[in-house]
Amino acid sequence: MTGGREILHKMKERACFIPSMPDSPDTRGKGGASKRIVHGSHLVKGKSNHAMEDCLVCEFKQVNNNELGLFAIFDGHMGHDVANYLQTNLFGNILKEHDFWTDAESATRRAYQTTDKDILEKAFQLGKGGSTAVTAMLINGQTLVVANVGDSRAVISKKSVAKQLSVDHEPNKEKEIIESKGGFVSNLPGDVPRVDGQLAVARAFGDKSLKRHLSSDPDVVIELIDNDVDLLILASDGLWKVMSNQEAVDCIKNMKDAKAAAKQLAEVAISRKSKDDISCIVVKFQ
């Protein structure tokens, strides 16, 4: 492998990137209307001194005669090893659950816990870092299963109105729970609240040294994709720190090209002085 191909290969390795599979064909959603689903993604390394720590999944695949759209943002901290492990294993663990097709919410919750246990057992290989996660599984173009730990976020647009599906797990919001486990939340001037003075989210995968005080229980929501749904955005906090949900929807609602829309969101975030890694996925229901 030489020249441009070698450079491209190394760039994808650093970005922990799974290439997008072809867009979904026309899918007959709720109400009988035919929708074409297109998707795209974009990653931008932030201005910090460490390597890119975000990873993503953005693909369609056939499973048991069902069409699954698999979309995820993994925002690593203290390295990208945990995020990379999630990228490779989390969806597989969810689909291994025996009741996924009948009770996707319970299956997803268990798989998140199982995956976190695996990560903690592999801490010697994966290191002491961790990762937030937001995952979205689109089943046959009709049912969207969203789960998250941390502050990466999933937002849908219904008739151009933003609706947040994930929950931002901020330490201050879960202070009582953290303290009941023997931990504390710091609130130093000029800094964000942190669990035990270290981590700026109350839930995450990994982080073995904080796990006694840190949850990996996901929030899970199931959303039916009806004719009012225009688009879905998944992004790391590098976007949401500088942009509201509605601003993000307004920024791309008239764009048909999902990949260009994801790039546009990242570029606007950079123009607003976001210094963090930015990873973004856009799914358009046309």
Side-chain angles (χ1 to χ4, degrees), residues 10-19 41-59 70-94 111-136 147-154 166-171 192 194-211 213-219 234-241 262 266 269-270 274-281:
K10 289 181 178 179
M11 288 173 63
K12 288 182 178 179
E13 281 189 331
R14 287 198 295 268
C16 306
F17 178 63
I18 288 183
S41 61
H42 193 70
L43 301 99
V44 178
K45 186 188 177 305
K47 295 185 178 180
S48 58
N49 291 326
H50 57 67
M52 178 69 166
E53 293 180 325
D54 283 10
C55 298
L56 62 80
V57 177
C58 184
E59 64 176 351
L70 301 177
F71 309 103
I73 301 290
F74 304 117
D75 184 355
H77 39 268
M78 298 182 70
H80 67 253
D81 288 341
V82 173
N84 188 53
Y85 184 85
L86 290 167
Q87 179 193 53
T88 305
N89 294 280
L90 182 55
F91 279 127
N93 288 345
I94 294 173
Y112 264 60
Q113 292 296 317
T114 299
T115 305
D116 190 47
K117 182 180 178 181
D118 292 343
I119 289 169
L120 295 176
E121 290 175 350
K122 292 178 171 64
F124 183 78
Q125 300 102 297
L126 298 176
K128 59 183 179 179
S131 178
T132 67
V134 60
T135 58
N148 83 292
V149 292
D151 54 4
S152 292
R153 191 181 297 175
S166 56
V167 176
D168 294 345
H169 295 132
E170 300 171 0
V192 296
R194 296 180 183 274
V195 177
D196 295 353
Q198 299 178 56
L199 192 62
V201 290
R203 304 189 195 186
F205 285 97
D207 295 294
K208 188 171 185 177
S209 64
L210 299 174
K211 188 53 67 174
H213 310 148
L214 190 70
S215 172
S216 58
D217 295 330
D219 272 283
L234 270 64
S236 58
D237 65 328
L239 178 76
W240 305 117
K241 283 176 181 176
I270 292 170
S274 177
K275 294 180 172 56
D276 202 354
D277 297 338
I278 301 169
S279 50
C280 184
I281 295 170

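Keep in mind that what you see is a predicted model, and the values were worked out from it rather than measured.
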Hits for ring-ring contact (aromatic ring centres under 6.0 Å, His included) against F91, two or more places apart or cross-chain, chain-then-number order -> none
Which heavy-atom pair separates D54 from G76 by the least distance, and what is that distance? OD1-N, 4.4 Å
Interatomic distance, CD@Q125 vs OH@Y85, rounded to 0.5 Å, equals 9.5 Å
From L199 CG over to H213 NE2, what is the distance, rounded to the nearest 0.5 angstrom? 13.0 Å
Taking the side chain as every heavy atom from C-beta outward, state whether L90 and Y112 have any pair of such atoms under 4.5 Å apart. yes
Pairwise distance CD1(I73) to SG(C280) - rounded to 0.5 angstrom: 7.0 Å
Which pairs with one or both residues in residues 114-123 pass salt bridge (Lys or Arg N to Asp or Glu O under 4.0 Å), sequence neighbours excluded? D116-K211
Determine the minimum heavy-atom distance between I281 and C58, stating which atoms define it. CG2-SG, 4.0 Å
Under 3.5 Å: donor-acceptor pair, side chain of Q87, backbone of L56: yes
To check you understand the geometry: which heavy-atom pair defines the closest contact between C55 and N84, and what is its length? SG-N, 3.8 Å
Intermediate values then yes/no, side chain to side chain contact (heavy atoms under 4.5 Å, CB included), R203 and D219: CA-CA 10 Å; R203 304 189 195 186; D219 272 283; 3.4 Å; yes
Rounded to the nearest 0.5 angstrom, the NZ-CG distance for K128 and L210 is 10.5 Å
Taking side chain as C-beta onward, heavy atoms only, is D277 less than 4.5 Å from K45? yes
Residues in salt bridge (Lys or Arg N to Asp or Glu O under 4.0 Å) with D237, at least two apart? K241
Test item: S274 side-chain N/O and G238 main-chain N/O as donor-acceptor pair under 3.5 Å: yes
The reported gap from CD1 in I278 to CD1 in I270 (rounded to nearest 0.5 angstrom) is 4.5 Å
Does a donor on one side chain and an acceptor on the other come within less than 3.5 Å for S236 and D75? no
Chi angles and distances behind the side chain to side chain contact (heavy atoms under 4.5 Å, CB included) call for E170, V192: CA-CA 9 Å; E170 300 171 0; V192 296; over 6 Å; no
Of all heavy-atom pairs linking S216 and A204, the shortest is CB-O, 3.5 Å
Would you name the heavy atoms of G150 and T132 that are closest together and state the gap between them? CA-CG2, 3.8 Å
Side chains of V57 and F74, heavy atoms from C-beta outward: is any pair under 4.5 Å? yes
State which residues pass salt bridge (Lys or Arg N to Asp or Glu O under 4.0 Å) with D217; sequence neighbours excluded, sorted by chain then number. none
Tell me, with the steps shown, if N93 and T115 meet side chain to side chain donor-acceptor pair (under 3.5 Å). CA-CA 7 Å; N93 288 345; T115 305; 2.9 Å; yes
Going by the rule salt bridge (Lys or Arg N to Asp or Glu O under 4.0 Å), which residues pair with D168 if we only count those two or more places apart in sequence or in a different chain? R153
Is any side-chain heavy atom of Q113 closer than 4.5 Å to one of P218? yes
Test S166 against every option in N148, T135, V149, L234 by the side chain to side chain contact (heavy atoms under 4.5 Å, CB included) rule and name the one that passes. N148
Roughly how far apart are E53 CD and H80 NE2, rounded to 0.5 Å? 9.0 Å
As a quick check of understanding, evaluate side chain to side chain contact (heavy atoms under 4.5 Å, CB included) for V82 and D207, giving each step before the final call. CA-CA 9 Å; V82 173; D207 295 294; over 6 Å; no
Heavy-atom nearest pair, A202 first then L214, reads O-CD1, 3.2 Å
The salt bridge (Lys or Arg N to Asp or Glu O under 4.0 Å) partners of D151 (sequence neighbours excluded) come to none
